[in-house]
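Notes follow the structure.
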There are 2 protein chains.
Amino acid sequence: MNAKTLILAILNFQEATGYEIRKMCTEGPYSYFVDISYGSIYPTLAKLEAESLVSSRIEQDVGKPERKVYSISEKGRMEFVGSLATPPALDKFKSEFLLVAMTAEYGNPTTIAKAIDMRIAYLEGQLEMIRTHTENCEHQGTCWVGGYGEHVMQCDLEYLKKNRGALMALAGTAHNVPAAAE
Amino acid sequence: MNAKTLILAILNFQEATGYEIRKMCTEGPYSYFVDISYGSIYPTLAKLEAESLVSSRIEQDVGKPERKVYSISEKGRMEFVGSLATPPALDKFKSEFLLVAMTAEYGNPTTIAKAIDMRIAYLEGQLEMIRTHTENCEHQGTCWVGGYGEHVMQCDLEYLKKNRGALMALAGTAHNVPAAAE
DNA sequence: TAGGCCATGTAACCGGTTACATGATTAG
DNA sequence: CTAATCATGTAACCGGTTACATGGCCTA
């Protein structure tokens, strides 16, 4: 999914500034399946406005930085609904951790242990985040997606905890490991 | 994970041609957590050879196209083992499907149904693929990762099947949907 | 007074994709 | 005879990241 569709989808639900969009995508309910940064949000917003799919207004509260609040236009809404007609692309998933796990025999046990534990901690944090989002969640689609993430992450954690030992047993068992800079 | 590390990791296990590497990454045991295409494999292989982290030899069987088989060098092995020392980056996950699910109320029910069912079919295919890989699997790290994928995908499917109805109930329920080109 | 949050933006860079070019062999 | 598989590569393009620039307010 490109930044354009994503931002249109967000603005379809609510008005927002670039800053807020970024927050939603890194800490908010979108963060589970999305990944985007300032460097693409602001330019995209500008392009969207140039195509008049969104409009903006400046808000100025005393003692606060200027906010540029974007709203979706009727044309933008049509674009968005239209984009929903094409079947969604497959998920993209990349995991460095799994490469490390696969090659565990070459890794130093301490490093592997740290990698597993950091992953567990990360997933637990994510789970907690999702739970706070879905706890008092009024939007049903968001609940559905939140429940999805919660379920899958729980399974993920389950496997990790249950099989931590098995992976650790492999760590560093390879022969012919060159004396590398560690 | 960049193409370089990934290819080095693969070549650390076995010699391979660019074509074979690509196969492993799209249909083989790496396909679950990796995503790479010819356009990055061949140039990367060339770069790797220029840095003498890998070497190549030409194989020519009668009646078959020429094969350029790459092997990792001692220097490459060291580079690879060294790269295992830095903690792995967080997983990258992007899902268009989940965006569609979140905005299900704006989607046409038929489209949503198709999206869910295609996802189910896809996951079932992936699961089967993983199972064939892990069934007679001699490399333990690969088994561990395969088991991981299997477990998580099973949970994924579970949620999808159990909550298909709930999502369908939301499909197309939004008011104020512009008469878009569908 | 240091660091974090609010807030907007730009420029350079890069990793990787898509599409193209080429061609032989084999299976249906 | 057609489609798929084996096999290698290039060039243009692009979406997005990283790092930078700027600055005021609030909290510890």
Side-chain angles (χ1 to χ4, degrees), chain A residues 1-8 11 15-28 30-31 33-51 54 56-70 83 89-96 99, chain B residues 1-8 11 15-28 30-31 33-51 54 56-70 83 89-96 99:
Chain A
M1 132 205 49
N2 50 351
K4 216 170 134 176
T5 319
L6 172 65
I7 291 179
L8 237 29
L11 293 179
E15 297 186 329
T17 66
Y19 188 81
E20 284 164 353
I21 290 173
R22 194 260 180 171
K23 264 215 134 181
M24 290 182 225
C25 295
T26 50
E27 301 163 40
Y30 298 92
S31 63
F33 59 90
V34 139
D35 178 29
I36 199 171
S37 59
Y38 289 137
S40 56
I41 291 171
Y42 286 114
T44 303
L45 245 11
K47 268 175 234 159
L48 248 23
E49 190 164 29
E51 295 176 60
V54 305
S56 69
R57 103 188 92 89
I58 306 279
E59 267 184 17
Q60 181 70 278
D61 282 288
V62 263
K64 279 194 179 173
E66 196 174 272
R67 286 156 48 84
K68 203 165 170 185
V69 183
Y70 287 89
S83 78
L90 294 175
D91 290 0
K92 265 169 202 172
F93 176 64
K94 284 193 188 192
S95 178
E96 240 169 77
L99 187 65
Chain B
M1 136 204 46
N2 50 351
K4 217 170 132 176
T5 319
L6 172 65
I7 291 179
L8 236 29
L11 293 179
E15 298 187 328
T17 66
Y19 187 82
E20 285 164 351
I21 290 174
R22 193 259 181 173
K23 264 214 134 181
M24 291 182 225
C25 295
T26 50
E27 301 162 39
Y30 298 91
S31 63
F33 59 89
V34 139
D35 177 31
I36 199 171
S37 58
Y38 287 138
S40 57
I41 290 172
Y42 285 114
T44 303
L45 244 12
K47 267 174 235 160
L48 248 22
E49 190 165 28
E51 296 177 60
V54 305
S56 68
R57 104 188 91 90
I58 306 280
E59 266 184 19
Q60 181 71 278
D61 282 288
V62 264
K64 280 195 177 172
E66 193 174 274
R67 288 156 46 84
K68 203 165 169 185
V69 183
Y70 288 89
S83 77
L90 294 175
D91 290 0
K92 268 171 199 172
F93 175 65
K94 285 194 186 191
S95 178
E96 241 170 74
L99 188 65

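Reckoned from all heavy atoms, side chains included, excluding hydrogens, waters and symmetry mates. In what follows, chains carry the letters A, B, and so on, assigned in the order in which the sequence lines appear, proteins first and then strands, with residues in each chain numbered from 1.
Nearer to the 5' terminus of DNA chain D, by closest-nucleotide assignment, is the contact made by B:K64 (compared with the other of A:M1 and B:K64).
Among D:dG16, C:dG9, D:dG9, the nucleotide with an atom closest to any side-chain atom of A:K68 is C:dG9. For A:T17, whose side chain is taken as the heavy atoms from C-beta onward, the closest listed nucleotide among D:dG9, C:dT8, D:dC6 is C:dT8. The side chain of B:I36 approaches C:dT17 more closely than any other nucleotide in the set C:dG9, C:dT17, D:dG16. Residue B:N2 places its side chain closer to C:dG16 than to any other of C:dG16, D:dT10, C:dG9. Residue B:P43 has its side chain nearest to D:dT10 when only D:dA7, D:dG16, D:dT10 are considered. Checking D:dT17, D:dC6, C:dT17 against every side-chain atom of B:S37, the shortest atom distance belongs to C:dT17.
Contact annotation for B:A46: no contact, since no heavy-atom pair falls under 4.0 Å across all strands. Across all strands shown, A:G39 has heavy atoms under 4.0 Å from base atoms, whether or not it also approaches the sugar-phosphate.
When side chains are defined from C-beta on, B:E59 does not count as touching B:E15, because their heavy atoms never get closer than 4.5 Å. Annotation: side chain of A:L8 is in contact with side chain of A:V54 (closest heavy-atom distance under 4.5 Å).
In this model, the phosphate group of C:dG9 is not approached by any side-chain N or O of A:Y38 to a distance below 4.0 Å at OP1 or OP2. Checking the phosphate oxygens (OP1, OP2) of C:dA7, no side-chain nitrogen or oxygen of A:K23 falls inside 4.0 Å. Dashed line: the shortest gap from a side-chain N or O of B:Y19 to OP1 or OP2 of D:dT8 is not under 4.0 Å. Under 4.0 angstrom from either OP1 or OP2 of C:dG15 there lies no side-chain N or O belonging to B:S40.
For B:Y70 and D:dA7, the OH to P distance is 14 Å, given to the nearest whole Å. As rounded to whole Å, 9 Å separates atom P of D:dT17 from atom CD1 of A:I41. One can place NZ of A:K94 at 13 Å from P of D:dG16, the figure rounded to the nearest angstrom. Put simply, CD on A:E27 is 14 Å from P on C:dG4, counting in whole angstrom units. As rounded to whole Å, 14 Å separates atom C1' of C:dG9 from atom NZ of A:K47. In this structure, B:R22 atom CZ and D:dA7 atom C1' are separated by 11 Å, rounded to whole Å. Between the P atom of D:dC6 and the CD1 atom of B:I58 lies a distance of 19 Å, rounded to the nearest Å. Between the C1' atom of D:dC6 and the CD atom of B:Q60 lies a distance of 12 Å, rounded to the nearest Å.
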For this session: Starting from the C-alpha separation in whole Å, work towards a yes-or-no answer on salt bridge (Lys or Arg N to Asp or Glu O under 4.0 Å) for B:E66 and B:K68.
Result: CA-CA 7 Å; B:E66 193 174 274; B:K68 203 165 169 185; over 6 Å; no

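A salt bridge does not link A:K94 with A:E96: none of the charged nitrogens is closer than 4.0 Å to a carboxylate oxygen. Looking at A:R67 and A:E20, a side-chain N of the basic residue comes within less than 4.0 Å of a carboxylate O on the acidic one, giving a salt bridge.
Taking five base pairs at each end of the helix from C:dT1-D:dA28 to C:dG28-D:dC1 and finding the rotation axis that steps the C1' atoms of four pairs onto the next four gives two axes whose angle is 50°, to the nearest 10°.
Note: B:C25 SG to B:I7 CD1 = 7.5 Å, rounded to the nearest 0.5 Å.
For the pair A:T26 and A:I36, the tightest heavy-atom approach, listed with the atom from each and the gap, is CG2-O, 4.3 Å.
Relative orientation of the B:Y19 and B:Y38 rings is parallel, given thresholds of 30° and 60° on the angle between their planes.
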